[in-house]
Protein chains: 2
Amino acid sequence: MSLPHAILTALLEKPSSGLELTRRFDRSIGYFWSATHQQIYRELGRLESDGLIRALPSEQPARGQKKSYEVLPAGRAELARWTAARQDPKPARDALLLRLRAAAVVGTDGIEADLRRHLDLHQRQLAEYREIEERDFGPDRDSAQDRLRHLVLRAGIDLETFWTQWLTHALDEFGELPGHE
Amino acid sequence: MSLPHAILTALLEKPSSGLELTRRFDRSIGYFWSATHQQIYRELGRLESDGLIRALPSEQPARGQKKSYEVLPAGRAELARWTAARQDPKPARDALLLRLRAAAVVGTDGIEADLRRHLDLHQRQLAEYREIEERDFGPDRDSAQDRLRHLVLRAGIDLETFWTQWLTHALDEFGELPGHE
DNA sequence: GTGAACATGTAAGTGGTTACATGATTTG
DNA sequence: CAAATCATGTAACCACTTACATGTTCAC
């Protein structure tokens, strides 16, 4: 039950239309909570009928016409409630680690190329995060808002750093495995 | 589409009944691919009707009666195919980071306690992984299978290490935030 | 023989994915 | 005016979650 809260957060940062939200879910917010435009439109409809957001006036609500939304007080209250609420971490699901465990049983043929590809993807993501960090967060002390957002970005950077290091180590290990080459 | 492959892997490691699989998905395999017993029974049914596994003979198939399964050659082939196949990483979804981003907008009231709780959970998980490492993987060189499994465990250890460090850093940051105490 | 634990399931609901539909606006 | 792009949706499907149902075995 996090997508509505992701949308509320995005709308509080800046009132937007469905497509604008979709774009922001392709970078920024989407780095840790992805969503497609179909999900977003469905959820915008629910949030509106629940009275948590409303369409900005002076926009005609028609198909093909841009429709922007803003958060109502009830929406902000719900987001604050959810943010403070105790929530258990949801159980892990990582297909790459599962594949490696499977490879221990059925053999490693073919998996190495995909590990290299994943390494490349994580290196690119890491570079992107670092650019954002340089651009948006200087060495000088920022506002409380900025410090929290920097903290989130740091998690992204450290996670991608972990993956690049682990994948590099894994590929090293493959090089030493019997039957290699 | 990874649950069937997680089950095939588990069954290749050791033929098991549904409940035994459920137990193994609560530790071991479940550390990176969780599943409930409802999911497992449904998937066992599918895998059997697809001809990838079969119920071990000499077991009467009745409700309340234990029913063990083993992997058929077609199942092993499918697992090998899936393991080697190119697969894109699925988009990230991390509620805790989302909550922190929301907290940057609606305020940090109440979230700190849950961060401490998460830190504790990750520290416990890290300790558990380290115990497993000490117990199952010695300093001497292991078999190729063991080295792959150790690699997977290492990912778990490093991930939990990341989270404990990041959460510690986050809580430090909270202590310095204006309006704290 | 009753209760606890073992063991296998069914059913309903939710959230996410994929494929498709449709109108409006801009550009050549 | 045709094509591309912008913008908002609908529908079907699939995986996962939560709650419930039912039979078996074992310990007391």
Side-chain angles (χ1 to χ4, degrees), chain A residues 1-8 10-11 15-26 29-30 32-50 53-56 58-69 82 87-95 98, chain B residues 1-8 10-11 15-26 29-30 32-50 53-56 58-69 82 87-95 98:
Chain A
M1 263 273 296
S2 301
L3 177 59
H5 303 98
I7 291 178
L8 287 172
L11 286 181
S16 308
S17 69
L19 193 61
E20 283 161 1
L21 281 176
T22 301
R23 299 247 163 76
R24 293 170 63 193
F25 273 82
D26 283 340
I29 292 260
F32 43 92
W33 202 274
S34 69
T36 63
H37 80 273
Q38 292 91 335
Q39 281 177 278
I40 288 168
Y41 283 118
R42 194 201 312 165
E43 202 61 48
L44 282 172
R46 282 183 202 157
L47 287 167
E48 188 177 22
S49 70
D50 288 353
I53 64 174
R54 67 162 185 179
L56 285 178
S58 86
E59 313 272 357
Q60 59 277 51
R63 200 171 188 128
Q65 293 288 335
K66 193 160 113 170
K67 201 163 100 184
S68 288
Y69 295 90
W82 177 82
Q87 289 174 53
D88 287 325
K90 63 157 208 168
R93 291 243 168 86
D94 189 289
L98 183 58
Chain B
M1 263 272 296
S2 300
L3 177 59
H5 303 99
I7 291 178
L8 287 172
L11 286 181
S16 308
S17 68
L19 193 61
E20 282 161 2
L21 281 176
T22 301
R23 298 247 162 77
R24 293 171 61 194
F25 273 81
D26 283 339
I29 292 261
F32 44 92
W33 202 275
S34 68
T36 62
H37 80 272
Q38 293 91 336
Q39 281 178 278
I40 289 168
Y41 284 118
R42 189 191 334 138
E43 203 59 49
L44 282 172
R46 281 184 203 157
L47 288 167
E48 188 178 23
S49 70
D50 288 354
I53 64 175
R54 67 162 184 177
L56 285 179
S58 85
E59 313 272 357
Q60 59 276 52
R63 201 173 187 125
Q65 293 290 334
K66 193 159 112 170
K67 200 163 102 185
S68 288
Y69 294 90
W82 177 82
Q87 289 174 52
D88 288 325
K90 63 158 209 170
R93 292 244 167 82
D94 188 289
L98 182 59

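Please read all numbers here as calculations on a predicted model, not as lab measurements. In what follows, chains are A, B, ... by sequence order, proteins preceding strands, each numbered from 1.
- Whole-Å rounding puts the L19(A) CG to dT22(C) C1' distance at 15 Å.
- Side-chain N or O atoms of E48(A) include none that pairs as donor or acceptor with a backbone N or O of G45(A) at under 3.5 Å.
- Here dG9(C) presents its C1' atom at 11 Å from OH of Y69(B), a figure rounded to the nearest Å.
- Within 4.0 Å of T22(B), counting heavy atoms only, lies no atom of the nucleic acid at all.
- The interatomic distance linking I7(B) (CD1) with dT8(C) (P) rounds to 13 Å, in whole Å.
- Looking at every heavy atom in both residues, Y69(A) comes nearest to I53(A) through CD2-CD1, 3.6 Å.
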Protein within reach of the bases, or only the backbone? For nucleotides 13-19 of chain D, mark each nucleotide 5' to 3' as B, S or -, using heavy atoms under 4.0 Å. --SBBBB

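- Atom NZ of K90(A) is separated from atom C1' of dG16(C) by 11 Å (rounded to the nearest Å).
- Every residue meeting the salt bridge (charged side-chain N to carboxylate O under 4.0 Å, His left out) condition with R54(A), not counting sequence neighbours, appears here in chain and number order: E70(A).
- The salt bridge (charged side-chain N to carboxylate O under 4.0 Å, His left out) search around R24(A) returns E13(A), not counting sequence neighbours.
- When all heavy atoms of L3(B) and F25(B) are compared, the pair lying nearest together is CD1-CE2, 4.3 Å.
- Rounded to whole Å, atom C1' of dT8(D) lies 13 Å from atom CD of E20(A).
- Y41(B) has no side-chain polar atom (N or O) that falls below the 4.0 Å cut-off from OP1 or OP2 of dG9(C).
- Spacing between atom NZ of K66(A) and atom C1' of dT26(C) amounts to 14 Å, rounded to whole angstrom units.
- In this structure, E43(A) pairs ionically with R46(A), as a charged nitrogen and a carboxylate oxygen lie closer than 4.0 Å.
- Here the closest non-hydrogen pair linking E20(B) and K66(B) is OE2-NZ, 3.0 Å.
- Nearest nucleotide to the K67(B) side chain, out of dA7(C), dT8(C), dT8(D): dT8(C).
- Computed from coordinates, the L21(A) CG to dA7(D) P distance equals 12 Å when rounded to whole Å.
- Checking dT24(D), dT8(C), dA24(C) against the side-chain heavy atoms of Q65(A) singles out dA24(C) as nearest.
- Whole-Å rounding puts the F25(B) CZ to dA7(C) P distance at 17 Å.
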